[in-house]
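Each remark here refers to the structure printed beneath this line.
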Amino acid sequence: MCTAANYTATDHYFGRNLDLEYSYNETVTVTPRNYVFKFRQVDELRSHHALIGISTNVDGYPLYYDATNEKGLSMAGLNFPENADYKPEDPKKINITPFEFIPWVLGQYETVAEVKEALKDINLVNISFSKEYPLSPLHWIISDREESITVESVKEGLHVYDNPVGVLTNNPTFDKQLFNLNNYMTLSIDPPKNNFAPDLVLDTYSRGMGAIGLPGDLSSSSRFVKAVFTKINSVSGSSESEAISQFFHILGSAAQQRGCVRLGDKYEITIYSSCCNTDKGIYYYKTYENSQISGVDMHKENLDSEEIISYSLIEGQQIKMQN
Ligand SMILES: C[C@H](CCC(=O)NCCS(=O)(=O)O)[C@H]1CC[C@H]2[C@@H]3[C@H](O)C[C@@H]4C[C@H](O)CC[C@]4(C)[C@H]3C[C@H](O)[C@]12C
């Protein structure tokens, strides 16, 4: 399971939890402007916006999970099993493979509005990277400071939904996730009023009772409701430190602890949580066993170069002893 979100304090932030039972040796990867992005069915991009995000790099190609470009546009791919349906090549469309989708969008566009226009001509074509890296069933959230969309290639075709909550998890399809929020409209951050039985004396015996009924399990639809409630009601100071702390707490509301979701002989965990300051191009992250925030600043790299730059994730707790 995964959860992605965006958030605006003074700056704008975008990030995700990557929930899985194994890892692909992912790294924080900066793709500079002159790295040649080759595509299977369309012309290469010799010069493009620079990107920072997390990827698995195979044969020098960054297979991004989530990324932000130097213009502040961000995108993340999340699992969408049984629903994702990629298509045969369509000669009337721009045929992009799912593994090329993040570089193709972030390499060229600056805003969600531009992406929406471009998506009218896109076909997500069923070509995998290689035998070892087959097609992943994904859907995507794309955000800038102003708006977010969700893109789902399903049996009926390519669906592009406005995403008014700036959150994405996994199944079911995004229209159903949004509809499900109707069921929670009475939840509140304030103490509840007794609408249940006004003649009964009912006591608000604990803080937080306004949100009783907010799901706490780790299913995708429950994480969606929990993350939306937490994000929409989030309050943070405007400093970088306060904003990124708050953002990691939003993701923390839907994080997976080892032992709660069994998959055969493994457990799904939140492998990493990320928070990119999309205005400054700084990618912050934590890992399951490293609660300290680490960061990579894309602008400290030579963004005019041609080679990708990657940083291994710092794993293992960094404990600051005080005596
Ligand atoms: C499985 C990951 C998403 C995590 C997630 O949503 N889990 C939820 C599980 S569930 O629905 O609740 O069951 C996705 C996100 C990005 C994906 C990776 C990226 O797309 C990059 C390449 C793409 C290649 O085609 C396959 C390997 C891969 C390296 C992908 C492996 C895997 O599918 C990743 C890591």
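Order of appearance sets the numbers: ligands from 1, and atoms from 1 within every ligand. Residue numbers count from 1 along this sequence.
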Heavy-atom distance to atom 19 (C) of ligand 1: which of Tyr65, Tyr22, Tyr61 wins? Tyr65

Does the side chain of Lys226 come within less than 4.5 Å of Pro215's, by heavy atoms? no

Quick one: which ligand 1 atoms are inside 4.0 Å of a heavy atom on Tyr133? 25 (O), 27 (C)

Does any pair with a residue in residues 97-110 pass side-chain hydrogen bond (donor to acceptor under 3.5 Å, both in side chains), and if so which ones, sequence neighbours excluded? Thr97-Glu100

Pi-cation contact, Tyr7 with Lys231 (under 6.0 Å, within 45°): no

List ligand 1 atoms under 4.0 Å from Pro134, heavy atoms only on the residue side. 24 (C), 25 (O), 26 (C)

Answer whether the closest heavy-atom distance between the side chains of Arg16 and Leu78 falls below 4.5 Å. yes

If you look only at distance, which donor and acceptor atoms sit under 3.5 Å apart when one is on a side chain in residues 29-40 and the other is two or more places apart or in another chain?
from, atom 1, to, atom 2, distance (Å)
Thr29, OG1, Thr27, O, 3.4
Thr29, OG1, Thr27, OG1, 3.0
Thr29, OG1, Ser55, OG, 2.7
Thr29, OG1, Asn57, ND2, 3.4
Thr31, OG1, Tyr64, OH, 2.7
Arg33, NE, Glu70, OE1, 3.1
Arg33, NE, Glu70, OE2, 3.0
Arg33, NH1, Asp304, OD1, 2.8
Arg33, NH2, Glu70, OE1, 2.7
Asn34, ND2, Asp304, O, 2.7
Tyr35, OH, Gly60, O, 2.9
Arg40, NH1, Ser128, O, 3.3
Arg40, NH2, Phe129, O, 2.9

Evaluate the side-chain proximity of Tyr284 to Phe248: yes if any heavy-atom separation is below 4.5 Å, no if none is. yes

Subset of ligand 1 atoms that lie under 4.0 Å from at least one heavy atom of Leu20: 1 (C)

Please classify the Tyr24 to ligand 1 contact at 4.0 Å (heavy-atom distances, strictly less than): side chain, backbone, both or neither. side chain

Sub-3.5 Å N/O-N/O distance, Glu268 and ligand 1: no

Testing Thr287, Asp66, Asn290 one by one against Tyr272 for a side-chain hydrogen bond (donor to acceptor under 3.5 Å, both in side chains), which residue passes? Asp66

Contacting atoms of ligand 1, where contact means under 4.0 angstrom from a heavy atom of Gly77: 15 (C)

Tell me whether ligand 1 is touched by Pro98 - counting only heavy atoms on the residue side and a distance under 4.0 Å. no

Is Leu63 in polar range of ligand 1, meaning some N or O pair under 3.5 Å apart? no

Nitrogen or oxygen of Asn79 less than 3.5 angstrom from that of ligand 1: yes

What atoms in ligand 1 come closer than 4.0 Å to a heavy atom of Pro81? 11 (O)

Please say whether Asn170 places an N or O atom under 3.5 Å from an N or O atom belonging to ligand 1. yes

Using modelled atom types and a 3.5 Å cut-off, is there a donor and acceptor pairing between side-chain atoms of Gln317 and backbone atoms of Glu289? yes

